[in-house]
Amino acid sequence: MRADKEKVVRRLNRRMEDATELSHEYAELQQVNNYGMAGQYEPHYDMATKGEKAFSEHDGGNRVATLLFYMGKTDAGGATVFIDAGARIAPKKNAAVFWYNLLPNGNPDLLTRHAGCPVLAGTKWVMNKWFHVNDQMFTRQCALEEARREKPAKLYDGRYTI
């Protein structure tokens with residue numbers, strides 16, 4: 001969905017910037033996905049890990065953060081699980097979850113490996129926005145320590161924190 005074509009997308013981008021304090025200058029376009037019965041997404045990272053190409057086709061560097069909106073509630077199943085962090089987030093209509101894919105020093109945060117569990121009843125609608133590292137130097141400071149970690153995720157309706 002292109003901001004230069006739709007007023008509602010421009011407004012949505014501004015709201016995402018306000019909520020995350022990240023610039024969408026180098027962000028990817030929003031993507032809307034629908035998962036029907038038994039629809040799922042295998043465990044994955046949203047950023048390039050060591051040895052992988054870091055999204056150079058976007059000229060924005062690696063994906064620094066993810067914002068995932070739940071546009072509806074499934075009747076059963078469809079949770080987003082962070083396998084290595086031991087967290088499970090059930091889809092809730094109009095909620096959003098946000099996490100940093102990179103540590104403040106720029107290394108991948110390997111606790112962000114996540115998956116979409118199978119939808120057992122109903123459908124799951126989500127929209128995601130990936131923010132890239134370029135253009136974030138004034139909003140997200142670099143840290144040299146490997147161990148320093150920010151809160152990796154939060155759900156904007158206040159119910160969940162990872």
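Just so you know, these numbers come straight off a predicted model, no measurement behind them.
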Exercise for the section: Start with the C-alpha distance between N94 and M71, add both sets of side-chain angles, then the distance that settles side chain to side chain contact (heavy atoms under 4.5 Å, CB included), and finish with yes or no. Expected result: CA-CA 5 Å; N94 299 326; M71 300 169 67; over 6 Å; no
Exercise for the section: Give the intermediate values and the outcome of side chain to side chain donor-acceptor pair (under 3.5 Å) for residues E25 and N134. Expected result: CA-CA 8 Å; E25 180 70 26; N134 289 1; over 6 Å; no
Practice task
Just do the side chain to side chain contact (heavy atoms under 4.5 Å, CB included) check on N33 and Y41 with the steps written out, would you?
Solution key: CA-CA 11 Å; N33 298 296; Y41 209 95; over 6 Å; no
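Residues N62 and L102 are in side-chain contact: their nearest non-hydrogen atoms beyond the backbone lie under 4.5 Å apart. Looking at Q40 and C117, their side chains never come closer than 4.5 Å, going by heavy atoms from C-beta outward. Side-chain contact check for V126 versus Y35: some heavy-atom pair is nearer than 4.5 Å. At least one side-chain heavy atom of Q30 sits under 4.5 Å from a side-chain heavy atom of N13. Residues Y26 and V133 have side chains not in contact (no heavy-atom distance under 4.5 Å, counting atoms from C-beta outward). Counting heavy atoms from C-beta on, the side chains of H114 and P43 never come closer than 4.5 Å.
Between the side chain of R63 and the backbone N or O of D46 there is at least one donor-acceptor pair closer than 3.5 Å. Although no hydrogens or angles enter the test, the distance criterion places no donor-acceptor pair under 3.5 Å between the side chain of K93 and the main chain of K73. Side-chain atoms of H132 never come within 3.5 Å of backbone atoms of A27 as a donor-acceptor pair (strictly under, hydrogens ignored).
Note: N101 CG to D109 CG = 8.0 Å, rounded to the nearest 0.5 Å. How far NZ of K124 is from CG of D75: 13.5 Å, rounded to the nearest 0.5 Å. Distance check, rounded to the nearest 0.5 Å: CG of N34 to CE of M127 gives 14.5 Å. Taking CZ of F131 as the reference point, atom CZ of F98 lies at 7.0 Å (rounded to 0.5 Å). In this structure, CG on D18 lies 10.5 Å from CE on M16, to the nearest 0.5 angstrom. Atom CH2 of residue W99 and atom OG1 of residue T66 lie 5.0 Å apart, to the nearest 0.5 angstrom.
Test Q31, E28, H24 against K129 for side chain to side chain contact (heavy atoms under 4.5 Å, CB included) and you get one pass: H24.
Under a hydrophobic clustering in which Ile, Leu, Val, Met, Phe, Trp and Tyr are joined whenever their side-chain heavy atoms come within less than 4.5 Å, directly or via other members, V64 and L110 fall into the same cluster. W130 is not connected to W125 by any chain of hydrophobic side-chain contacts under 4.5 Å among Ile, Leu, Val, Met, Phe, Trp and Tyr, and they are in different clusters. Under a hydrophobic-cluster definition in which Ile, Leu, Val, Met, Phe, Trp and Tyr are linked whenever side-chain heavy atoms come within less than 4.5 Å, directly or via other members, L12 and V32 are assigned to the same cluster. Linking Ile, Leu, Val, Met, Phe, Trp and Tyr whenever their side-chain heavy atoms come within less than 4.5 Å leaves V81 and L68 in two separate clusters.
The minimum heavy-atom distance between P91 and G72, with the atom names listed, is CB-O, 4.0 Å.
Around atom OH of Y45, more than 12 heavy atoms belonging to other residues, nucleotides or ligands sit under 6.0 Å away.
Residues Y70 and T80 have side chains that bring a donor and an acceptor to within less than 3.5 angstrom of each other.
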